[in-house]
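Below is one structure, written out as structure tokens; comments come after it.
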Amino acid sequence: MPKVKTNRVKYPEGWELIEPTLRELQAKMREAENDPHDGKRKCETLWPIFKIAHQKSRYIFDLYYRRQEISKELYEFCLDQGYADRNLIAKWKKPGYERLCCLRCMQPRDHNFATTCVCRVPKHLREEKVIECVHCGCRGCVSGD
Amino acid sequence: MAHRLLRDHEADGWERSDFPIICESCLGDNPYVRMTKADYDKECKICTRPFTVFRWRPGRDARYKKTELCQTCSKLKNVCQVCLLDLEYGLPVQVRDTALSINSNDTIPKSDVNREYFAEEHDRRARAGLDYESSYGKVRPNDTILKLQRTTPYYKRNRAHICSFYVRGECTRGAECPYRHEMPETGELSQQNIKDRYYGVNDPVALKLLNKAGEMPSLEAPEDESIKTLYVGGLDKRVTEQDLRDNFYAHGEIESIKMVLDKACAFVTYTTREGAEKAAEELSNKLVIKGLRLKLMWGKPQAPRPESETSEGARQQAAVAHSGMLPRAVISQQQNQFQPSGPGVQDQAPPMQYFNIPPPPQLDRAFYPSMDPQRMGALVPSHDGENKSGSEKHQGMPPAPGQYPHQHYPPYGYMQPMPPYQLYPPYHSAMPPPQMSSQHYQHSGPLRPPPLVSAPLTSAPPASTSSGSAPAVPGPSAASESSHQ
């Protein structure tokens with residue numbers, strides 16, 4: 001039999017420092033996935049998923065870009081393994097999108113009249129002050145406020 | 001492989017349109033409207049055929065509205081696709097049909113295949129350009145419908161629906177809940193059915209409206225027989241004197257028409273009392289000029305004013321003169337007779353002949369604030385900085401305060417004259433119709449006669465507490481006026 005190559009994950013150095021938080025976040029995500037839908041609106045059931053995904057990506061993004069506590073290798077490793085969303089982080093690097101909640105909210109193709117979600121509108125330009133966007137339950141992800 | 005459409009739309013004859021047939025209220029107050037168009041999105045609520053659904057938001061505080069009926073159905077009854085009210089009058093189908101005696105109910109089948117067939121036939125003929133009989137264009141509007149029609153758009157219809165969770169006490173959305181947190185209105189009117197409303201059968205709103213139409217109060221003539229003047233309120237700059245003349249000449253010979261644009265009102269005086277009465281009767285609830293519904297009422301009667309010693313000048317300027325019909329310019333001219341300085345006082349061209357006429361009979365009360373210069377902000381020695389009158393006629397006043405003996409004011413409970421604009425709201429917004437028989441605008445000038453029977457809301461607050469007719473005083477008036485006792 002030819003040698004079967006298995007893909008075994010080789011964790012880079014520094015992994016032990018971030019592993020507990022990441023595991024915790026993953027557990028939270030599993031919990032959100034298994035939550036019953038009672039008492040929630042149909043769109044509302046998905047909000048925790050988006051929230052936790054944002055949290056995970058945020059953690060890794062902060063560690064690498066803001067606090068610079070992990071190496072590039074470890075950062076890339078996390079992205080490859082799916083602990084963070086590469087595309088979302090790509091947006092966070094752009095001005096104006098530093099706090100973007102999710103990728104759907106800024107995609108004009110997903111909205112009527114080619115606009116963005118209401119959570120991308122600054123509070124002083126909005127009429128309703130308290131909103132929860134329908135995609136991810138975001139209350140406002142504008143960089144300004 | 002070639003794509004095959006699931007349905008061949010053309011063959012089925014489903015309806016497509018470019019723009020909805022909707023009324024002004026449903027379209028909203030915003031001139032910028034973004035509307036989505038979805039072909040064959042929903043079925044018509046009446047004929048259940050697929051049609052093009054338009055969806056838009058009629059204004060900032062409105063919910064999203066979408067067309068509920070197809071255009072064929074709405075054209076058959078000449079109603080708005082969304083609210084099912086008549087396009088011209090804004091009335092329910094039943095009201096319009098009874099008022100105009102149209103009866104098309106027999107021709108439109110109501111059930112099942114019959115209905116669909118009829119609708120499709122109609123649609124086909126309309127698209128082919130055949131002129132089907134549309135009786136709505138040919139009907140002449142009659143009195144009743146003019147009385148009942150809606151002249152301004154009604155945007156309250158576009159508010160969000162009531163939050164049903166809130167009604168049960170369970171709304172967890174809190175501040176971000178887009179639905180209204182109010183208790184729903186209960187009662188007969190809330191059981192409405194779209195089919196009933198469309199066919200004009202058994203519609204509670206229509207029944208209520210028809211009942212109301214039967215009992216609409218007519219303008220009673222005032223007891224004082226000498227009054228030949230009608231007050232017309234709710235004017236706008238679009239309405240000209242010629243419009244008023246056109247409307248009023250039919251009932252009698254018009255002696256004069258005076259427009260007081262500042263107050264958005266006008267006074268039409270007839271030469272005969274009968275003419276005035278006839279006009280009142282004919283036009284009482286139906287006066288609509290250029291789309292603006294105007295309020296018609298009798299002019300204020302004269303009543304003796306219990307003034308003690310007042311100098312002629314002060315009396316005159318306090319007095320309104322001539323059944324209260326003199327333009328302000330004339331009054332100011334009379335004032336100027338006693339005051340040498342009166343620069344540029346006229347804001348209207350005064351009829352010169354009034355100067356030679358002996359002073360008009362004194363009235364104890366000025367009917368409208370514009371008639372009393374002190375109300376307009378004329379300076380009185382004790383009131384400094386009261387030059388806030390917008391009317392330039394009073395600029396002549398301040399330099400010569402001596403003309404107005406101070407002692408006039410206390411007996412009449414004179415209050416600080418308010419800036420004219422604050423006075424206006426009481427006069428125009430609070431108008432309880434049923435009481436408007438004779439004296440409407442109570443005027444709280446320096447003359448405080450025993451309280452008249454008058455619309456309480458419209459009085460600027462009188463200082464004398466004995467005057468019982470000053471409830472519901474509007475805020476600004478109450479706040480800024482004080483008695484000078």
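Contacts between A:Arg41 and chain B at a heavy-atom distance below 4.5 Å involve the side chain alone, from C-beta outward. Of the atoms belonging to A:Glu132, heavy atoms from both backbone and side chain fall under 4.5 Å from chain B.
Separating the CZ atom in B:Arg34 from the CG atom in A:Asn112 is a distance of 8.5 Å, to the nearest 0.5 Å.
By the neighbour-count criterion of 12 heavy atoms within 6.0 Å, atom NZ of B:Lys37 is densely surrounded, having more than that number from other residues, nucleotides or ligands. By the 6.0 Å contact criterion, CZ on B:Phe165 is open, its count of non-hydrogen atoms from other residues, nucleotides or ligands being 12 or less. Atom CZ of A:Phe77 is surrounded by more than 12 heavy atoms from other residues, nucleotides or ligands within 6.0 Å. Atom CZ of B:Arg168 has more than 12 heavy atoms from other residues, nucleotides or ligands within 6.0 Å.
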